[in-house]
Amino acid sequence: MKKIFQNFFKVFFYILFPKICFHCEKNLEYNSNDFLCNECLNKIKLINGLVCKKCGVPLESGGEFCYQCKNSKRKIYFDFICGCAEYKEPIKTLIHEFKYRQRYYLKKYLVDNFLIKWWEKNKNSLPKIDIVCCVPMHFLKKLFRGYNQSQLLASEFAKKINLDFKFDLLIKKKLTTSQFKLSKEKRIFNIKDAFMVNKEYLDKIKDKNILIIDDVATTTETINQCAKVLKEAKANLVFGLVIARDSL
Ligand SMILES: [Zn+2]
Ligand SMILES: [Zn+2]
């Protein structure tokens, strides 16, 4: 009996507020637990093939490292970065909604379907992780937006796999323009020396392996600058895991 009532309310609720696909806005089934229709789900490109061993960008024609990592004079501080999916539609829309439009409830979906699935597949080939952290947001920006999407993802991820999460391991000391609007060169300059290690942890990260979680990596300079201060504080390995890997 209870179940009949539950279903009745589900259908009633659905009539008032139909569920639609976040990307193409097609109606979803009333009992769907997804945010995307099947067609859009099938468009997601998980990164499964060959990738650059340093920056995680998919490699079309083999090799160990991408052209950028082999030829760039930029100093790289992180050990490696991995991405779960390519930064294309419909992932772009989901991340945008999560990041800028207060759709916090997408956190669980993004963590379970991307970060955790990636982790289950790759955990045995990874070094031991001592601390998980997030890319910090400047306190004024966080005040304005109300939340830090990287922190939400990292905390959910760490909780699910039982790792130590330090949300305040890093501090963003420089208020920067959104990377999203800038060219590659400007992005690298914009984020330079923007972070510092929280003084409380300075003596606690020596020889530790640290995993930084973020939503998207494009130039990889944000994670690189985080890695820089962690390595200066004597961290052993620093690597990044992002939901989506873009390249400029
Ligand atoms: Zn769709
Ligand atoms: Zn690379």
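Not measured: the values here are computed from a predicted model. Just so you know, ligand 1 is whichever comes first in the structure, and atom 1 is the first atom listed for that ligand. Side-chain atoms are counted along with the backbone in the values below, which use heavy atoms only and exclude waters and symmetry mates. Residue indices begin at 1 and follow the sequence shown.
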Any side-chain heavy atom of F22 sitting closer than 4.5 Å to one from P90? no
SG (C37) to the Zn ion (ligand 1) to SG (C24) angle, given to the nearest 10 degrees: 110°
Can you find a pair of side-chain heavy atoms, one from Y105 and one from F35, that are under 4.5 Å apart? yes
Could you give me the CA-CA distance, side-chain angles and deciding distance for D207 and N236, then say whether side chain to side chain donor-acceptor pair (under 3.5 Å) is met? CA-CA 4 Å; D207 300 328; N236 178 36; over 6 Å; no
Rounded to 10 degrees, the angle SG of C55 makes with SG of C66 at the Zn ion (ligand 2): 110°
Any N/O/S of C40 under 2.8 Å from the Zn ion (ligand 1)? yes
Determine, for D215 against K99, whether the closest basic-nitrogen to carboxylate-oxygen distance falls under 4.0 angstrom. yes
